[in-house]
Amino acid sequence: MPRSMTSTWHPTAYRTHTLGQIQSEGAGLVGQEVTVAGFLHASRGKGAMCFADLRDGTGMTQVFAKADLLGEDALSTLQSLTRESTLQVTGTVAQKRPPKVADGETPPPPAYEVLASSITVVAEAQAPLPLGVTDTVGVGLDTRLDNRFLDLRRAHVNAMFRLRGKVLEFGRAHLIGEGFVETHTPKIVATATEGGTDLFPMTYFETPAFLNQSPQLFKQLCMSGGLERVFEIGPAFRAEKHDTYRHLNEFISFDIECSWATDDDVMGVLERMIHHIWSSIASDPTCQAHVATINAWRATQDEDPIEVIVPELPFPRVEYDDAIRIIKERGGTIEWGNDIDAENSDLLAQGLPQFYFIPRWPMDLKPFYIHHVDGEEGSTGRQLSRGFDLNFGRDEMTSGGQREHRIEVLCDNLRNMDLDPEAFEFYVAGFRHGVPPHAGWGLGVERILMVLTGAKNVRETVLFPRDRRRVCP
RNA sequence: GCCCGUUUGGUGUAGAGGUUAUCAUGCAGGAUUGUCAUUCCUGCGACCCGGGUUCAAUUCCCGGAACGGGCGCCA
C-alpha cells in the first residue's frame, strides 16, 4: 500500500521558505537571507527590541527585531501591529539563543529564528478579535462557527481538519488497493431515492427536483453497468429537522458498492479499510503531531487525551437477534422487530469498546433495496435481511448490506413499502437486462472523525456545518 | 416534532431584589526583558428583547428571540 506522499512546498512570489522549513532545515540556512510570511501569532517587547511569533500552515518561527537592523519606524510598526495581522518578513536565519533551563533539565533541541531586516504588513487584523486564536479561554460552538475562519486558525481546530484530510486519503488509498474505482453520482435528482426521509426540494429549470439523500441507487446502477467495484466520497442531503450532536443536514458519505459480493464480503472491506486508516494514522508522524496538538488543547480544558487505538480484526459481530437478547438481559425495554434506540445502544455497547457490526436485521426494518435469503428467520420466525450496521459505542457509523438483485422481489419490496415501482423506473430498469449480485455500504465521514478525534459534536468535524438552524457561513 | 435548560464586557465566566457587578483572557498606555505561555503597574470594556410585579428588576413572573442538552430518525 502506498504510504502518504511527503509534501513539497515550493517557493512562491510571497516567500522563499515556509516557517516549517526554517525550523526543519534551519541548521543549513543560518546566515542565509529568506523571506517568510504568515499571521502574527504573538509579539513581545515594546522597548528597543521585539520578538514576533509568525505562524503559517507549516509551523511557527520567531522573528527578532532591533532598530539597528530594521529601522525605528519599521520596529514600531511591528510593535503596534495587532495579533493575527498578516505580514511578510525578510531577514537572515540565525540559531535562537537557548532558553535558560533549571539544573538537571535537558535543554530543548536547537531552534531557528529570522533576524528581520525589512517587514511588509500585508493585511492588518481589526481588534478586538471575535475570538482569541491563542487564548486558552473556552469559546462557545456558535461563536466559533460564526467566526469559523478565525476558529480554524486555532492549532487544535486546524489539526482536526488536517486529520480529516488524512482519513480520506488513507481510506481512498485502501479502496483503490482493493480494486475500487472512484466515481461521482448526481446530487440533483428527479425522484425520492429511497423514500422515508425528507428531501430538500429545488427547481431544475421547469422540473421539480431534489438534492440527493444518498448515492445508493446510482451506485447500484454502476454494478449493472459492470464497473464491478466503485466508491464515492460525496455530499448527501437530508431535510430532517433533527437537532443532535451527531446529525447534519449536509454530510459527506463514504460509499462503496461491490459486485459478486454478499453483506459479509463488504463488511470485510469496511473493517479492513477502517483498520488501514487507524494503523496509518498511528504510524504517520505528521498525524501523530496533529493528535499531539489536539491533546495539548484538551489538557488546557481538563479533558483526557485522545489515543489512536488500532482496532483488532475482525471486528465483533453481534447479530440483531442476539443484540435484542443481550439488551433484554441487561434490563432494556425492547421487542424483536424494534429499532435499537440510543438508550438500548448504550446497553448493547457495554463490553464492546470499539467498532462492532450488527448484521441480519429484520427485513421490515430495512429499505426495499436490501436483499434477503428465504428461510433465514429470526427467533420469532420473522424474515431476516442481509442488512447490517457498524456501530462505535452507541453511535451508528455505517449501514450497508447485500442488495436485492432479483427484479421481481425488488418490485414486491417496493410495493410492500407503499412505493410505486413506476416511480423508480430509472432504477428498476437497471435490473431488467442482467445484473450481478452486489453489496455495499455508506459510512458517515464526520462520525468516523468524531471517533478519531474525540469530538463531542459532529459540527466540530465539518468546516461549515449545515444544521437545522445554520446555513451561513 | 416533543421534553429540559441557558442567555452578564470582544471571548469565556462569578454573582445578588438596592453592589463601584467577580474573575480570567483581550484591548490601550507605561516599566522591565534575547524573551520562551515574560513579569509588573495603570486604565478600558457587559447584565438578550418586550411586558408585568415592586418604592426599586440585570436579578422575580409571563411572552419572544437566540443558543445549548436529551429524545425520535438516521450516516
Side-chain angles (χ1 to χ4, degrees), chain A residues 41-53 60 62-66 79-80 82-84 94-101 107-108 111 113 115 125-147 150-151 154 194 196-198 213-216 234-255 296 300-301 338-346 365-367 389-392 394-400 441-451 456-459 461-462 467-470:
Chain A
H41 187 79
S43 83
R44 302 174 285 281
K46 293 285 175 78
M49 63 190 70
C50 177
F51 309 93
D53 292 333
M60 196 123 66
Q62 174 172 283
V63 173
F64 179 60
K66 273 195 300 193
Q79 285 169 326
S80 61
T82 49
R83 294 193 300 172
E84 296 304 315
Q95 186 168 340
K96 275 170 83 171
R97 301 201 183 173
K100 298 163 198 134
V101 291
E113 65 182 1
L115 308 178
Q126 212 177 83
L129 298 166
L131 61 89
V133 172
T134 57
D135 300 357
T136 51
V137 293
V139 188
L141 187 58
D142 208 45
T143 305
R144 293 175 51 196
L145 294 177
D146 282 340
N147 301 280
L150 271 180
D151 186 47
R154 304 201 296 165
E194 299 178 28
T197 189
D198 290 325
Q213 72 172 91
S214 106
Q216 182 60 39
F237 305 92
R238 311 262 165 106
E240 303 284 355
K241 289 182 178 174
H242 34 48
D243 204 359
T244 76
Y245 68 91
R246 62 189 185 282
H247 285 96
L248 294 163
N249 294 293
E250 176 180 352
F251 64 96
I252 300 297
S253 183
F254 200 139
D255 272 82
T300 69
Q301 305 301 299
N338 292 165
D339 203 353
I340 302 173
D341 63 21
E343 198 178 326
N344 288 140
S345 294
D346 283 332
L365 282 182
K366 286 290 163 188
D389 282 358
L390 176 75
N391 280 28
F392 187 101
R394 61 163 10 209
D395 294 318
E396 184 178 335
M397 300 286 124
T398 300
S399 80
W441 42 254
L443 169 69
V445 169
E446 289 80 10
R447 292 192 179 173
I448 279 286
L449 247 101
M450 288 176 77
V451 171
K456 288 188 284 286
N457 192 310
V458 70
R459 292 161 182 79
T461 68
V462 182
D467 63 31
R468 185 175 178 172
R469 296 194 183 90
R470 184 178 285 278

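In what follows, every heavy atom counts, from backbone to side chain, and hydrogens, waters and symmetry copies are set aside. Just so it is clear: chains get the letters A, B, ... in the order the sequence lines come, proteins before strands, and each one is counted from 1.
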Checklist entry - Has the side chain of A:Gln126 got a donor or acceptor atom sitting under 3.5 Å from an opposite partner on the base of B:G10? => result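 For A:Gln126, whose side chain was compared with the base of B:G10, there is no donor-acceptor pair (under 3.5 Å).
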Check: protein-nucleotides 42-46 of chain B nitrogen or oxygen pairs below 3.5 Å:
none

To the nearest angstrom, how far is [X] atom [atom1] from [N] atom [atom2]?
X	N	atom1	atom2	value
A:Gln95	B:C36	CD	C1'	15 Å
A:Arg238	B:C73	CZ	C1'	10 Å
A:Met49	B:U38	CE	P	16 Å
A:Gln62	B:U33	CD	P	17 Å
A:Arg97	B:C36	CZ	P	13 Å
A:Asp151	B:G12	CG	P	11 Å
A:Asp255	B:A75	CG	P	10 Å
A:Phe51	B:C36	CZ	P	9 Å

Find every protein N or O atom lying less than 3.5 Å from an N or O atom of nucleotides 25-31 of chain B, and list the pairs.
from	atom 1	to	atom 2	distance (Å)
B:U25	O2'	A:Asp135	OD1	3.4
B:U25	O2'	A:Asp135	OD2	2.8
B:G26	O3'	A:Arg83	NH2	3.3
B:C27	OP1	A:Arg83	NE	3.1

Separation of [Y] [atom2] from [X] [atom1] (nearest 0.5 Å):
X	Y	atom1	atom2	answer
A:Asn249	A:Arg469	CG	CZ	11.5 Å
A:Ile252	A:Ile448	CD1	CD1	14.5 Å
A:Leu115	A:Lys66	CG	NZ	8.0 Å
A:Arg394	A:Asp346	CZ	CG	4.0 Å

Please work out if [X] contacts a base, only the sugar-phosphate, or nothing of the nucleic acid, heavy-atom cut-off 4.0 Å.
X	answer
A:Lys66	nothing
A:Leu248	base
A:Phe254	nothing
A:Glu113	base
A:Asp395	nothing

Checklist entry - For A:Gly132 and A:Ala42, take the nucleotide of RNA chain B holding the closest heavy atom to each; which residue's nucleotide lies nearer the 5' end? => result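 In this pair, the answer is A:Gly132.
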Next on the checklist: I want to verify a distance call: between B:G34, B:C73, B:A75, whose nearest atom is closest to the A:Glu240 side chain?
Outcome noted: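 Per side-chain heavy atoms of A:Glu240, the pick is B:C73.
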Checklist entry - Counting heavy atoms not belonging to A:Gln301, are there more than 12 under 6.0 Å from its CD? => result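 Enclosed: over 12 neighbouring heavy atoms sit under 6.0 Å from CD of A:Gln301.
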Partner residues of [X] under the side-chain contact (heavy atoms from CB on, under 4.5 Å) criterion, sequence neighbours left out:
X	result
A:Asn338	A:Ile334, A:Glu335
A:Gln95	A:Pro110, A:Tyr112
A:Arg459	A:Leu141, A:Leu145, A:Asp243, A:Leu248, A:Asn457, A:Pro465, A:Asp467
A:His247	A:His242, A:Thr244, A:Arg447

Next on the checklist: Between A:Gln213 and A:Glu240, does the side chain to side chain contact (heavy atoms under 4.5 Å, CB included) criterion hold? Intermediate values first, please.
Outcome noted: CA-CA 11 Å; A:Gln213 72 172 91; A:Glu240 303 284 355; over 6 Å; no
Next on the checklist: Under the rule for ring pair (Phe, Tyr, Trp, His ring centres under 6.0 Å), what residues qualify as partners of A:Phe64, not counting sequence neighbours?
Outcome noted: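 By the ring pair (Phe, Tyr, Trp, His ring centres under 6.0 Å) rule, A:Phe64 matches A:Phe51.
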Checklist entry - What distance, rounded to whole Å, do you find between the two C1' atoms, one in B:A21 and one in B:G64? => result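 It works out to 26 Å between them.
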Next on the checklist: Going by the rule salt bridge (charged side-chain N to carboxylate O under 4.0 Å, His left out), which residues pair with A:Lys241 if we only count those two or more places apart in sequence or in a different chain?
Outcome noted: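 Per chain and number, A:Lys241 pairs via salt bridge (charged side-chain N to carboxylate O under 4.0 Å, His left out) with no residue.
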Checklist entry - Mind checking what makes salt bridge (charged side-chain N to carboxylate O under 4.0 Å, His left out) contact with A:Arg468, not counting sequence neighbours? => result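 By the salt bridge (charged side-chain N to carboxylate O under 4.0 Å, His left out) rule, A:Arg468 matches no residue at all.
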Next on the checklist: Does B:A75 have its OP1 or OP2 closer than 4.0 Å to a side-chain nitrogen or oxygen of A:Thr398?
Outcome noted: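 No, outside the criterion.
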Checklist entry - Using a cut-off of less than 4.0 Å, is there contact between a side-chain N or O of A:Arg44 and OP1 or OP2 of B:U38? => result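 Yes, because at least one side-chain N or O of A:Arg44 sits under 4.0 Å from OP1 or OP2 of B:U38.
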Could you pull out the protein-nucleic contacts involving nucleotides 65-72 of chain B (nitrogen or oxygen on both sides, under 3.5 Å)?
from	atom 1	to	atom 2	distance (Å)
B:C67	OP2	A:Arg469	NE	3.2
B:G69	OP1	A:Asn457	ND2	3.4
B:C71	OP1	A:Arg394	NH1	3.3
B:C71	OP1	A:Arg394	NH2	2.8
B:G72	OP1	A:Ala342	N	3.1

Item to check | Secondary-structure stems for RNA chain B, with pairs counted as Watson-Crick or G-U when both distances are under 3.5 Å and runs at least 3 long | outcome: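 Listed by first number, the stems are B:1-7 with B:65-71, B:10-12 with B:23-25, B:26-31 with B:39-44, B:48-52 with B:60-64.
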Item to check | Inter- and intrachain pairs under salt bridge (Lys or Arg N to Asp or Glu O under 4.0 Å), touching residues 126-142 of chain A, at least two apart | outcome: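 Residue pairs passing salt bridge (Lys or Arg N to Asp or Glu O under 4.0 Å), neighbours aside: A:Arg83-A:Asp135, A:Asp142-A:Arg470.
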Next on the checklist: Go through it in stages, so that I can follow the logic: the residues are A:Asp395 and A:Tyr245, the test is side chain to side chain contact (heavy atoms under 4.5 Å, CB included), and I'd like the CA-CA distance, side-chain angles, deciding distance and then a yes or no.
Outcome noted: CA-CA 11 Å; A:Asp395 294 318; A:Tyr245 68 91; 2.6 Å; yes
